[in-house]
S.K.: 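Structure provided below as structure tokens; questions to follow.
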Amino acid sequence: MNNRPIVGISMGDPFGNGPEITVRALSDKAVYESCRPLVVGDKSSMEYAIDTAKKIFGTELKLHTIKNVGEAVFEYGTIDVLDMGIVKPEDIPHNVGADKMPAPFGLGATKLGGEAAFCYVVEVIRMAMAGEIDATVTNALSKEAINMAGHRYSGHTEIYAEYTDTDKYTMMLAHEELRVVHVSTHVSLREACNRVKKDRVLDVIRIAHNACKALGIENPKIGVAGLNPHCGENGMFGVEEIEEIQPAIDIAMAEGINIPEKKPTPPDTVFSKAIGGWYDIVVCMYHDQGHIPLKVKGFVYNKAEGHWDAVAGVNVTLGLPIIRASVDHGTGFGHAGSGHANELSLINAISYGVQLAKHRK
């Protein structure tokens with residue numbers, strides 16, 4: 001069983017849903033059958049999450065605090081936690097609802113939470129770069145909180161890029177047969193349009209091709225979304241497709257990359273085609289162009305019962321020297337502490353991390 005990849009899981013914001021989601025995911029025996037999970041976070045937060053899971057679901061789990069990978073036991077029923085010692089027990093608001101169950105914290109973004117979440121991420125990156133773990137998986141952090149703590153990043157992707165000294169990278173979102181990558185992510189829409197340049201589009205097409213190969217797809221089919229309505233309608237609604245996107249497609253095809261339509265695909269049809277099997281992955285021109293279809297497909301809200309039936313999807317940073325997969329949702333501050341956070345996205349992220357780690361080995 002020692003051939004199972006070691007997966008380092010950052011706990012996420014300690015006052016968000018990360019600790020509870022982590023406990024819920026690691027109560028699934030199948031996770032331990034596929035990998036050796038190790039949580040990087042704080043003992044105090046994980047203890048509270050374990051206690052909450054026991055009260056609500058009757059889950060019986062133990063916590064094993066470690067200082068390095070060599071001390072981990074990697075046994076189902078025991079969660080190994082590399083304790084960073086940042087959040088103390090007295091920092092956690094132990095709210096109790098009228099039914100004697102934990103109630104939501106209601107803290108929102110805090111400087112302490114941002115500092116802790118940032119440190120967890122930096123540590124899993126360090127461990128992966130040192131070869132101590134085979135893949136990293138991240139729970140949600142708050143961009144506002146990490147900036148409150150003085151760390152000027154717009155998200156996980158940018159932290160990973162800087163701490164791995166990576167220039168060419170992109171975000172991939174995936175849920176079932178739908179995969180998307182982005183030419184730009186956390187910038188304004190006005191700036192996103194300015195970043196649709198031939199060289200960047202070509203880089204992302206190449207990264208998308210290599211990502212699919214790493215997932216075992218022998219001859220990936222790449223769809224490339226246009227930027228403008230109707231792909232600009234031959235220049236009537238914009239010229240980016242003519243001047244920037246098509247030249248990138250031509251170069252990629254000359255390199256042997258399979259782009260079936262040989263031109264940009266209108267954004268209003270490209271995702272339906274991808275779900276229908278036309279493409280293995282879609283190159284999107286900006287953040288929301290890719291995020292919206294993924295979340296419409298992966299996030300399922302039960303209107304009648306007033307809760308999420310599914311919060312599915314994976315966020316993978318491509319182009320890094322290490323593996324990083326992540327949940328595809330936020331910190332859920334409004335529900336943190338309730339114990340009812342949905343763990344499906346984290347389980348999906350762990351699965352992706354394991355798959356990529358095995359291929360890389």
Side-chain angles (χ1 to χ4, degrees), residues 9 11-31 34 45 48-61 93 95-109 137-144 156 171-180 268 271-272 274-276 282 284 287-316 325-353:
I9 303 170
M11 196 184 75
D13 193 295
F15 306 121
N17 54 24
E20 298 158 66
I21 285 175
T22 301
V23 168
R24 293 280 291 156
L26 297 186
S27 66
D28 185 344
K29 190 174 183 180
V31 171
S34 68
S45 298
Y48 182 78
I50 284 177
D51 185 54
T52 299
K54 183 176 180 179
K55 289 177 181 176
I56 296 177
F57 304 106
T59 307
E60 292 286 350
L61 294 170
N95 296 343
V96 177
D99 59 355
K100 303 303 180 183
M101 291 298 177
F105 292 159
L107 284 182
V137 172
T138 54
N139 275 293
L141 54 69
S142 162
K143 300 171 183 63
E144 179 185 1
H156 275 112
M171 177 191 298
M172 178 179 80
L173 301 183
H175 177 56
E176 296 177 348
E177 71 275 18
L178 184 58
R179 304 178 188 89
V180 301
D268 57 357
F271 304 105
S272 296
I275 292 171
V282 177
C284 302
H287 182 281
D288 283 10
Q289 190 181 67
H291 278 61
I292 290 172
L294 252 295
K295 293 190 176 183
V296 167
K297 183 172 175 57
F299 288 24
V300 180
Y301 188 73
N302 188 320
K303 183 178 179 180
E305 298 181 11
H307 64 79
W308 293 98
D309 283 339
V311 182
V314 181
N315 180 333
V316 180
S326 179
V327 298
D328 186 26
H329 57 70
T331 54
F333 284 131
H335 303 284
S338 69
H340 290 291
N342 190 299
E343 75 277 13
L344 182 56
S345 186
L346 179 57
I347 290 177
N348 291 341
I350 293 169
S351 178
Y352 252 82

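Because the structure is predicted, anything quoted here is derived from the model rather than measured.
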S.K.: Output the distance between atom CD (Gln289) and atom CG (Asp268), rounded to the nearest 0.5 Å.
M.R.: 10.0 Å
S.K.: Mind checking whether Ile292 and Phe271 have side chains closer than 4.5 Å, heavy atoms only?
M.R.: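 They are not in side-chain contact.
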S.K.: Would you indicate whether His335, at its atom NE2, is surrounded by more than 12 heavy atoms from other residues, nucleotides or ligands within a distance under 6.0 Å?
M.R.: no
S.K.: Does the Glu177 side chain pair with the main chain of Ala274, one donor and one acceptor, at a distance under 3.5 Å?
M.R.: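 No, because the side chain of Glu177 does not come within donor-acceptor range (under 3.5 Å) of the backbone of Ala274.
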S.K.: How far does CG of Leu346 sit from CG of Asp28, to the nearest 0.5 angstrom?
M.R.: 10.5 Å
S.K.: How close do Ala53 and Val23 get, heavy atom to heavy atom, and via which atoms?
M.R.: CB-CG1, 3.8 Å
S.K.: Rounded to the nearest 0.5 Å, what separates atom NE2 in His156 from atom CE in Met171?
M.R.: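 Going from NE2 on His156 over to CE on Met171, the span is 10.5 Å.
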S.K.: Just so I know, are the side chains of Leu26 and Ile9 near enough to count as touching, which here means a heavy-atom distance under 4.5 Å?
M.R.: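 Yes. Closest side-chain heavy atoms under 4.5 Å.
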S.K.: Measure from the side-chain N and O atoms of Thr52 to the backbone N and O of Tyr48, and report whether any donor-acceptor pair falls under 3.5 Å.
M.R.: yes
S.K.: Please tabulate, for side-chain N and O atoms in residues 293-301, each donor-acceptor pair with protein atoms closer than 3.5 Å (sequence neighbours left out).
M.R.:
from: Lys297; atom 1: NZ; to: Glu176; atom 2: OE1; distance (Å): 3.4
from: Tyr301; atom 1: OH; to: Gly306; atom 2: O; distance (Å): 3.3

S.K.: Under 3.5 Å, side chain of Thr331 to main-chain N/O of Ala140, donor-acceptor pair present?
M.R.: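 Checked: no pair found.
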S.K.: Hey, what do you get for CG (Asn17) to OG1 (Thr22), rounding to the nearest 0.5 Å?
M.R.: 8.5 Å
S.K.: Minimum heavy-atom separation for Gly16 and Pro19, please, with both atom names.
M.R.: O-CD, 3.7 Å
S.K.: State the OH-CZ distance between Tyr352 and Arg179, to the nearest 0.5 angstrom.
M.R.: 4.5 Å
S.K.: Any donor and acceptor pair, going by atom type alone, linking the side chain of Ser326 with main-chain N or O of Asn315 inside 3.5 Å?
M.R.: no
S.K.: On a heavy-atom basis, which atom in Ala341 and which in Ile21 lie closest, and how many Å separate them?
M.R.: CB-CG1, 3.4 Å
S.K.: Check Ala109 against Ser142 and note the closest heavy-atom contact, atom names and distance.
M.R.: CB-OG, 3.8 Å
S.K.: Looking only at non-hydrogen atoms, find the nearest pair between Ala349 and Ala325 and report the distance.
M.R.: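 Between these two residues, the closest heavy atoms are O-CB, 3.5 Å.
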S.K.: Roughly how far, to the nearest 0.5 Å, is the CZ atom of Arg24 from the OG1 atom of Thr59?
M.R.: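 One gets 6.0 Å once the value is rounded to the nearest 0.5 Å.
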S.K.: Closest heavy-atom contact between Ala49 and Glu20?
M.R.: CB-N, 3.8 Å
